[in-house]
Amino acid sequence: MNGDSKWGVLGQYDWSIMAPELTILVFATLLSIIDLLLPKKTDRRIIGVLGLIGVIISLIFTLSNTGTQPASILADMYRLDSFAVAFKAIFLTGVAFAFLMSLGTLDKKDVHYQGEFYYLLLTALLGAMFMASSADLITLFIGLELLSLSSFILVGIRKKHIQSNESAFKYVVIGSISAAVTLYGMSFIYGLTGTTNLYLIAERLGNVYQGGFSYIVYLAFFLMFVGLSFKISAVPNQTWAPDVYQGAPTPVTAFLSVVSKAAGFAIILRIFIIMLSNVIDIDPTTGEMKSLLVDNLGLYIGIVAAASMIIGNTMALRQVNMKRMMAYSGIAQAGYLLVPFATFTVLLFEQTLFYLIAYLFANMGIFAIMALVSKDQGHDEIRGFAGLFQRAPLLAISMTIFLLSLAGIPVTAGFFGKFYIFLSSVARQNYWLAGIMMATSVVSYVYYFGVMKQMFMRTNPNGVNKIKVPPCIGIALVVAVVVTLFAGIFPSQVIDYLHNNFLFENMMQVAEQVVMK
Amino acid sequence: MTSVLAVLTFVPLLGVLFLLLMPKSQQNMIRTIGILTTIIPLGLALMLYAGFDSASGDMQFVQQLKWITIPVGQMAMAINFEFGIDGLSMPLVVLTSVVVAMASLVGMKIKDRLKEFYALLLVMEMGMLGVFTSLNLFQFFVFFEFTIIPMFFFMGIWGYVNREKAALKFLIYNGVGSAILLIVFAVIFVNIWTLNFKEITMAFTDPNSPFNIPNTMGYLSENFRLGLFIALLLAFAIKIPIAPFHTWMLAAYKESNAAAIMISSGVLIKIGGYGLIRMNAAFFPEWMDKLGTAIAILGVINILYGAVLALAQNELKLMLAYSSVSHMGIVLLGLAAMNAEGFQGAIFQMVSHGLIAALLFYIIELINERTGTTDIRELGGLAKSMPVLSGVLLTVTMAAIGLPGTSGFVSEFMSYLGLFNAHPIIAAVGALGIILTAVYLLRSILGATFGPIRETHESLIDARSYELVPMVVILGLVIIIGVYPALLSGPMQETLINIVPRIGG
């Protein structure tokens, strides 16, 4: 195509790099039309199956982009680089799990609007994918909003369920406030630099910072970070998580705890690392140059990480509801995931991605089993797991593997992920953070092993009838167990794959720049 | 022959696989598989003992495989999978395989969830063997966790009323210990870029290594080393356990099943002593030397505290738990001596106490099973109804007191001998423990076996044939080591010559 086409400048862009997003967009539109045309009584599972197919096609497109040169269209509003590909692969896998879980356990009586349910998952996914694949504040924010709005509806989709309504309402209120806070922070950056393009901001912000606007840069950072901490459910914006997780249908909870959280990490890493890459703090007395992000802000990020670990792990101890427990566990896990960012090294991306992979499969596995157990028991309480080993030994063993992974016990992916993260905080001599990380891990044993205690050491008062595992959940569990163990026993394979196929070219250069200073 | 250690370590997993294929109803078949599988590592361990070259102080039967590489910029941090044993770990490998094989006989009594019992026992055996055959910190840690997690289930599923609480306490205490270990290992890894025992020892002790030359880039300061030393000491103090970290042990021994206690007292707590020698003494000899007095004092506190509290117990199991605290104090004394005799005494004491404690707990559980109590006040005169069992109990009690001709004597003698050379006054105070040991053990064991017998206890069944196996085997080993200690000391000489001189003892 050339510039003379009737599409003008738009025709010159290589739209094929956007194939994963376009696939999801097409499928989401298609599904909503099919949902309209299908007679009311027809089973909506077909929509779910189609959606899953769309997700898999998009995943194939995404993975076919691994290792390619970074490309961007629409003036950096859309970027395709390793960073984006890696995060998109994680989102797509997470959503695929959510689909499998819904197909296996979603009850028509419980979730009436099944058609909407499936295509809203897709639009939420689309938002997340844009968050990973953009280097412009405007598109990043639009992606964030698309994800948020879709998840607001998903949380409240059980229209007649009072808890679902309550949690949707809480989610909307807190979500909107944090979006506003984020936007307020962004407005300062725009005001200081006159652009929304992250790379241009990076070029200009260094001088601005030196030019006496350092406090405003700090203010903008804190506003944006606090606002975005909502998405990763980290302190100080973690309070919504338990209520929302409890009220939402289990597949949506799983989606929120994995995909939405990973999207939050994508946007946090993308915005702050690029934006602050040239901002240097010069010590007035010694003249020593320090990177603002690594040397100064690392402390605050570390404090947020530590607070999340402490609050998440201690609050989880008191929970009797499995979903609330997983919400607090998720808060703690967000804390662990912030550690590589707080203790910035060249391993940052590999550490974050490795841990996200471990977290993704363990969490998805747990929620899949939980969906089955709570459907069987009629409630989400932890005591519903009592005697699971007698009732369904394979489910109990898989659950144990996932819980051990979250607790960070060898030979699961979670153990190596934690060890890997741990190395950088020790290498940066950030012993207090390393210490808190280990101490809270031990605290987390109490509640993770508490579930195992129910499964192996108690008997279920409701009898020992077997639990039937639907095939789609079976597939999900097998994949999750295999990945959790494989990445735990042969972590090198995973790291090598990340290292060789995801060079994080531009992001890495930026990160190295940051570290060097 | 090169992969014999890998086979030894992983062979229990093969048994687990067979067990999983067995239907639940085939109880006898499950027992047979479980017990036979523990025989294989035992056989291999004895083969290793026979093939061990006592003239070498180096690691033997070494096997190394690439495992994990972490690319860091242009360089890479490597974690290998490497096995090997020397004179320090070999006795402990044999000890492990003996104790587990004997503990597997406890399964004869278990009717409930037998398959899981043997599966967990075998996974634990893999963990323990792996701990002693690992040549690097990461691998050590992975296997170390493989002893803790199965033990949690093992304690929590089979045992007495408060078993779940005891299991959780065990898990948390040991979890804290392993968390500290992981911190130390990570610090060593990022500073020295290796996890291999030998390479770390070289890096810390070789005067030419870049980490030992002050005012250079890589120099690791004395305070840095002290920090690591104390962290390691703390982690192993929980494991040994050194008072006041012993409370997990009381709950665990009171509430769990015989096999769990045999393994915990026989092998698991020895990992603490092993770690102190393998890491503290080998990596930081100068601090081991400087802090020798402190360690000796800790040892004496353990001995006396354990002994005095053991004296006050009426519950046999608690008495033995405190006695374990007291006896593990002797290991510390031996280490604190910083000389060849002391170290030898410490290793002897680990092996000897491992055997004796395992057998004592085994017999006490047999009594408990027959009489329904382990309270001395409710027992008495058992020698009348169960002469064989009581006889063995008395003999092994004598070994625990340190009667000449038993392994207990050799180990205490050498530990104290070592310490008298180094710290005579502390050793003299510690020697009080020998008297106290005799008092509390004789008081309680004699109280249970002699004196008036209760009517209900008059017609108890004496030891059954399969119950005699652990008694004969362990008692046999205790006496063989006592009569001919060179069996044990021979292989460890050269290894100790490698470790001790650096400490300057």
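Each chain gets a letter, A, B and so on, in the order its sequence line appears, and its residues count up from 1.
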Taking a cut-off of under 4.5 angstrom between non-hydrogen atoms, the residues of residues 170-189 of chain B near chain A are Leu171(B), Ile172(B), Gly175(B), Val176(B), Ala179(B), Leu182(B), Ile183(B), Ala186(B), Val187(B), Phe189(B)

Given Phe456(A), Tyr445(A), Phe416(A), Tyr431(A), the one with more heavy-atom pairs under 4.5 angstrom with chain B than any other is Phe456(A)

Give the C-alpha distance, both sets of side-chain angles, the deciding distance and a yes or no for side chain to side chain contact (heavy atoms under 4.5 Å, CB included) between Phe83(B) and Gln64(B). CA-CA 6 Å; Phe83(B) 290 104; Gln64(B) 202 174 46; over 6 Å; no

inquiry  = Could you check, using the six-membered ring where one of them is a Trp, whether Phe229(B) and Trp287(B) have ring centers closer than 6.0 angstrom?
reply    = no

Practice prompt. Compute the ring centroids of Tyr447(A) and Tyr328(A), then answer whether they are less than 6.0 Å apart.
Written response: no

Strictly by modelled atom types, are Tyr160(B) and Ser256(B) linked by a side-chain donor-acceptor pair under 3.5 Å? no

- Could you label the plane-to-plane angle of the Phe144(B) and Phe140(B) rings as parallel, tilted or perpendicular, counting under 30° as parallel and over 60° as perpendicular? parallel

message = Quick check: Phe132(B) with Tyr274(B) (ring centres under 6.0 Å apart)?
response = yes

Okay, Ile495(A) and chain B: the region with an atom under 4.5 Å from a heavy atom over there is side chain

With chain A, the option among Asn191(B), Val190(B), Ile157(B) that has the most non-hydrogen atom pairs under 4.5 Å is Val190(B)

Applying a strict 4.5 Å limit to non-hydrogen atoms, the region of Phe81(B) in contact with chain A is neither

- May I have the step-by-step check of side chain to side chain contact (heavy atoms under 4.5 Å, CB included) for Val131(B) and Phe146(B), ending in yes or no? CA-CA 9 Å; Val131(B) 161; Phe146(B) 261 98; over 6 Å; no

**Message:** Please tell me whether Phe211(B) and Tyr219(B) form a close aromatic pair, meaning their ring centres lie under 6.0 Å apart.
**Reply:** no

*Short question: side chain of Trp432(A), backbone of Ala306(A) - any donor-acceptor pair under 3.5 Å?*
no

Inset, instruction - Take Phe419(A) and Phe138(B) through the ring-ring contact (aromatic ring centres under 6.0 Å, His included) test and state the conclusion after the steps. - result: CA-CA 10 Å; Phe419(A) 178 72; Phe138(B) 188 82; 4.9 Å; yes

Applying a strict 4.5 Å limit to non-hydrogen atoms, the region of Phe422(A) in contact with chain B is side chain

Measuring centre to centre across the rings, with the benzene-like ring taken for any Trp, is Phe415(A) within less than 6.0 Å of Phe141(B)?
yes

When the 4.5 angstrom heavy-atom criterion is applied to Ile79(B) and chain A, the contacting part is side chain

Expected contact set for residues 382-399 of chain A against chain B at heavy-atom separation under 4.5 Å reads Phe389(A), Gln390(A)

Note to self: Ring centroids only, cut at 6.0 angstrom: are Tyr355(A) and Tyr359(A) within range, meaning strictly under it?
What the structure shows: no

